[in-house]
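This report concerns only the one structure given below.
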Amino acid sequence: MNGKILSMQQAVARYVGDGDSVAIEGFTAFICFAAAHEIIRQRRRDLTLIRMTPDLVYDQMVAAGVAERLIFSYLGNPGVGSLHCIRRAVEDEIPHPLALEEYSHFGMVGRYTAGASRLPFFPLQSYAGTDLPAVNEKIRFVASPYSGEEIAVVPPLHPDVAFIHAQRADTAGNTHLWGLLGMQKEVSFASRHVVVVVEEIVDEEVIRRDPNRTLIPGLIVDAVVHEPYGAHPSYVQGYYDRDNRFYLDWDPISRDREATEAWLEEWVYSVADRAGYLTQLGDERLAGLAPGRMVADGVNYGRYD
Amino acid sequence: MNGKILSMQQAVARYVGDGDSVAIEGFTAFICFAAAHEIIRQRRRDLTLIRMTPDLVYDQMVAAGVAERLIFSYLGNPGVGSLHCIRRAVEDEIPHPLALEEYSHFGMVGRYTAGASRLPFFPLQSYAGTDLPAVNEKIRFVASPYSGEEIAVVPPLHPDVAFIHAQRADTAGNTHLWGLLGMQKEVSFASRHVVVVVEEIVDEEVIRRDPNRTLIPGLIVDAVVHEPYGAHPSYVQGYYDRDNRFYLDWDPISRDREATEAWLEEWVYSVADRAGYLTQLGDERLAGLAPGRMVADGVNYGRYD
Amino acid sequence: MDYSASELMIVNAARALQGNRVVFVGVGLPNIACNLARRTHSPEMELVYESGVFGARPARLPLSIGDPTLVSGATAVGNMLDLFTLYLQGGLVDVALLGGAQIDRYGNLNTTVIGDYEQPKVRLPGSGGACEIAINAGKIFIIMRLRRRAFVEALDFRTSPGHLDGGDARQQIGYPGAGPERVITDRALFNFDNTEREMTLVELAPEETVESIQADVGWALRVHPNVRTMRGPSQDELSMIREELDPQGLYR
Amino acid sequence: MDYSASELMIVNAARALQGNRVVFVGVGLPNIACNLARRTHSPEMELVYESGVFGARPARLPLSIGDPTLVSGATAVGNMLDLFTLYLQGGLVDVALLGGAQIDRYGNLNTTVIGDYEQPKVRLPGSGGACEIAINAGKIFIIMRLRRRAFVEALDFRTSPGHLDGGDARQQIGYPGAGPERVITDRALFNFDNTEREMTLVELAPEETVESIQADVGWALRVHPNVRTMRGPSQDELSMIREELDPQGLYR
């Protein structure tokens with residue numbers, strides 16, 4: 001067991017400082033609420049929060065007052081409605097103002113990719129003829145040296161730290177992820193520090209028997225946190241389903257500032273860690289999220305010696 | 001069984017015409033010699049051959065006189081030495097002149113990616129300070145609108161047809177490939193027509209039980225050819241090893257024009273198809289290439305209904 | 001036969017999808033419409049989701065565009081870079097369904113803010129993938145409820161381009177896609193089949209008139225010489241929606 | 001002790017790799033040198049191959065940079081776009097080993113042609129990944145046999161940049177990597193530890209002299225004030241090469 005295995009409390013204490021830029025990614029899946037709640041508990045401030053879809057995870061963090069800036073592409077409670085806490089911050093400066101830096105999904109995809117690839121810019125067919133470049137000076141245009149046609153570009157993005165949830169990793173941080181890959185690989189390569197949070201820690205041989213499934217190499221991983229159900233109420237493919245009841249419940253809670261603070265008190269501040277959160281949630285609630293089995297057929301890589 | 005299942009003879013007759021640009025890709029692995037030999041047998045002419053590493057497969061095609069142009073990044077018999085037939089064409093115009101369009105590996109990676117992505121150019125950190133841009137006017141430079149720094153760019157590449165060898169596909173052309181992914185995905189998306197050549201045709205459900213393993217969707221596949229050992233003497237991960245003896249044997253053969261033509265007569269022109277080639281090669285030779293087993297652990301995607 | 005405004009939109013959207021192979025799907029009404037189309041006239045239809053899924057075979061109504069039921073049993077699932085570069089920008093999407101908080105006569109859409117950008121009255125979700133979808137997809141079908149606050153003379157913010165200022169503006173700017181072809185609402189259907197590429201009223205729901213629609217549209221509405229009546233849902237379509245696609249009636 | 005010129009190069013290259021975590025490996029001598037380093041002083045060393053393999057654990061001597069033994073048991077295998085963008089251009093490669101048909105005093109390399117490009121006397125393989133490796137890798141070790149035809153005053157073609165025209169030319173042009181740090185040959189070792197970044201003779205094989213080396217170098221050679229003697233292979237190193245890494249003696 002090497003030194004990369006940390007508790008979430010240790011990982012946040014070590015890799016998240018006031019004023020840092022933090023990316024808790026995962027497109028509608030693998031959203032590491034466990035990391036978000038620990039950051040709230042440790043009362044970080046003035047963070048720049050980076051996510052394509054801020055989702056409930058950043059709605060909660062903004063309500064808790066940890067953020068001063070948001071870099072994103074879609075502000076919504078997927079399938080339900082608005083993110084009321086973020087709207088309160090933007091529309092009414094509650095609990096305090098929140099600066100927005102806004103892209104389209106493809107723009108965020110491009111910023112992560114340019115960051116991961118050490119490119120000065122990423123070209124994409126978007127933005128021309130819209131009002132987005134007028135409100136974000138980082139969106140610019142370059143002329144092709146072949147056709148002369150103009151194409152939009154976005155600059156690299158380098159979060160100070162990324163929290164990436166996945167199914168399994170070995171103790172060195174070599175990580176297998178299956179299902180929606182989102183931009184987990186690119187944001188990891190783009191970030192200065194990477195914390196991988198997994199449902200299971202597995203033997204190195206499990207990873208090496210399927211190297212094409214390795215999305216993130218331990219080489220770029222600073223810490224590995226073993227946190228089962230760490231993505232609840234979002235989901236982990238093959239491990240648990242999205243807890244949609246919570247996504248629906250959050251709508252009325254988040255519309256009301258006091259109800260939101262009461263929720264944060266009950267589910268974040270007054271629990272010590274993820275284990276405490278899960279105990280409070282109850283086994284029955286978790287059992288109801290278990291999917292059936294659909295197992296991929298094994299493939300033979302062959303032994304060549 | 002839908003209309004995409006063709007014999008190699010049918011696929012070449014339908015998708016390769018004189019003067020076309022053809023990409024038989026696969027970086028040192030999955031090299032579809034079966035397609036190359038059928039193109040030679042059907043005596044196509046004036047082809048533009050596209051491959052990062054022309055390898056023996058294009059050395060044989062150039063010797064057979066099918067090519068007038070080569071787009072590539074590394075001309076060598078990997079681990080052995082030179083490609084003597086291609087050198088004869090370039091140095092001595094035998095059997096006739098061969099025009100070269102030359103990049104680095106990253107440049108070819110970029111051309112395929114730009115083609116697959118419908119981008120006007122692909123930026124890469126390369127070429128500055130070298131003699132390559134002077135001999136290839138397609139390599140150009142663009143200034144970053146952020147830092148002003150210049151970065152090299154290459155234009156999109158769109159082969160008329162790509163032949164992609166893989167382990168398995170369903171009858172719609174949805175293809176699983178594991179091992180060295182090379183640029184098989186990008187060249188497929190970049191090409192006007194795609195012929196997938198596989199060791200095994202499998203049920204659609206085998207593909208759908210592991211969608212992350214699908215490198216090429218049937219959507220972009222025109223034909224599926226079932227051709228076991230179609231990549232010999234190169235290899236297919238988990239199915240057979242590279243036949244290194246042939247790579248070594250080719251060196252003296254290819255140094256001599258008559259020996260090369262005798263080889264083409266014996267192994268290409270005088271065999272009807274891949275089955276004939278394999279019969280001539282013998283089961284013992286093939287049995288000697290069988291790897292041991294190293295099977296990936298199954299993963300559960302879960303059933304969500 | 002009794003049906004809701006949503007059901008009328010869903011069946012009309014599903015019918016409009018006929019003949020399209022690859023459809024870029026949003027969640028909600030568009031998702032039900034696409035799945036209805038697959039189960040009726042277009043079994044070969046391939047569903048693409050911006051979450052990175054191609055050829056989804058959802059075993060249940062997806063709760064979001066990232067629902068795990070979209071992954072299990074799909075043809076291919078890659079990262080979002082592949083989805084946006086190879087599939088969308090690569091030109092493989094035949095049609096995409098979009099909606100918005102505001103639309104103008106040329107089918108330009110606003111999903112960003114109501115009011116001033118810096119001091120918004122209402123902060124909307126923003127683009128998501130809509131901006132590049134509107135530019136790169138082969139064509140666009142717009143699905144939204146027809147309300148006065150939505151059909152406006154001038155957008156507060158242009159998030160996703162339709163026909164810009166009309167005419168051949170899209171070709172001038174060099175967009176790969178053809179832009180909005182239809183607007184499907186709960187009260188009327190529109191197309192853009194004219195050289196100005198201006199939204200034109202072509203069908204009315206039974207209880208609507210040209211006047212009742214004009215009353216809720218913020219500009220002088222262009223009307224087709226012979227306006228037809230929207231065809232309502234068939235019994236088969238209704239039972240498929242109510243029994244299979246949206247049993248809980250989330251989108252009733 | 002009796003050993004070959006290749007073995008002398010291999011052990012000196014392996015020793016030079018000490019302290020480097022991520023090594024970009026070519027096939028042949030460099031591959032044997034890297035595997036020797038892993039099995040001796042650097043068990044933590046990660047091997048990267050341009051074929052898309054990271055953290056290879058080859059069970060046999062790879063026959064090419066795409067040998068299947070590099071895939072089975074590797075840490076991660078991705079496509080070549082990932083390898084070149086995320087790993088190489090991304091700045092994760094500490095050191096890469098390169099060779100060439102011609103080298104000049106500043107460590108610039110030619111692997112493209114001998115003679116004129118259009119009418120070449122000898123058509124060489126070309127760049128492969130060498131051009132971008134020379135630009136992006138943290139630093140470069142050059143491994144090649146010292147011969148008069150190879151160590152030339154002026155290259156016929158500059159395929160991979162070393163220190164260009166010397167001095168701070170690399171920084172001026174904006175390369176991310178530091179460029180050539182050592183040249184390891186069968187007869188002498190060189191470094192570039194001077195402000196002109198010019199190849200400097202620092203070690204000689206036992207039977208060589210400054211004069212015998214100068215005789216096969218096409219320019220007035222810069223010589224370190226106190227030239228040392230190259231350390232030959234140890235018995236352990238030799239037996240590991242001969243018994244485990246290259247039992248058939250392919251690179252003897």
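First the proteins, then the strands, lettered A, B, ... as listed; each starts at 1. The basis for the numbers below is simple: all heavy atoms, side chains too, and nothing from hydrogens, waters or symmetry mates.
- Checked for salt-bridge contact, B:Arg168 and A:Asp297 miss the test: no charged N lies under 4.0 Å from a carboxylate O.
- No more than 12 heavy atoms of other residues, nucleotides or ligands lie within 6.0 Å of CZ in A:Arg245, so this atom counts as exposed by the packing criterion.
- Looking only at heavy-atom pairs under 4.5 Å with chain B, the residue among A:Phe121, A:Tyr301, A:Phe141 that has the most is A:Tyr301.
- At distances below 3.5 Å, at least one donor-acceptor pair connects side-chain atoms of B:Trp178 with backbone N or O atoms of A:Asn300.
- Judged purely by atom type and a 3.5 angstrom limit, A:Arg140 uses its side chain to pair as donor or acceptor with the backbone of B:Pro145.
- Within the 4.5 Å cutoff, the side chain of A:Arg213 has heavy atoms near those of the B:Arg213 side chain.
- Heavy-atom pairs under 4.5 Å with chain A peak, among B:Ala143, B:Ser147, B:Pro291, at B:Pro291.
- Between A:Leu119 and B:Ile151, some side-chain heavy-atom pair lies under the 4.5 Å cut-off.
- Between the B:Asn212 side chain and the A:Gly179 main chain, a donor and an acceptor come within less than 3.5 Å of each other.
- Residue B:Leu180: no heavy atom, backbone or side chain, is found under 4.5 Å from chain A.
- Chain B forms the most heavy-atom pairs under 4.5 Å with one residue out of A:Ser144, A:Pro155, A:Ser117, and that residue is A:Pro155.
- Residue with the most contacts toward chain B among A:Val153, A:Val295, A:Asp210, A:Val299: A:Val299 (heavy-atom pairs, distance under 4.5 Å).
- There is no contact between B:Phe122 and chain A, counting heavy-atom distances below 4.5 Å.
- With a 4.5 Å cut-off on non-hydrogen atoms, B:Tyr304 touches chain A through its side chain but not through its backbone.
- B:Pro123 has its side chain within reach of A:Pro123: a pair of non-hydrogen atoms, C-beta onward, lies under 4.5 Å apart.
- Remark: B:Glu284 CD is loosely packed, at most 12 non-hydrogen atoms of other residues, nucleotides or ligands lying under 6.0 Å away.
- Heavy-atom pairs under 4.5 Å with chain A peak, among B:Gln125, B:Arg118, B:Lys138, at B:Lys138.
- For chain B, the nearby part of A:Glu149 is the side chain; its heavy atoms alone come within less than 4.5 Å.
- The two residues A:Met294 and B:Arg209 have their closest heavy-atom pair at CG-CG, 4.3 Å.
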### Task
Could you give me the CA-CA distance, side-chain angles and deciding distance for B:Arg303 and A:Asp241, then say whether salt bridge (charged side-chain N to carboxylate O under 4.0 Å, His left out) is met?
CA-CA 10 Å; B:Arg303 200 170 287 284; A:Asp241 199 351; over 6 Å; no

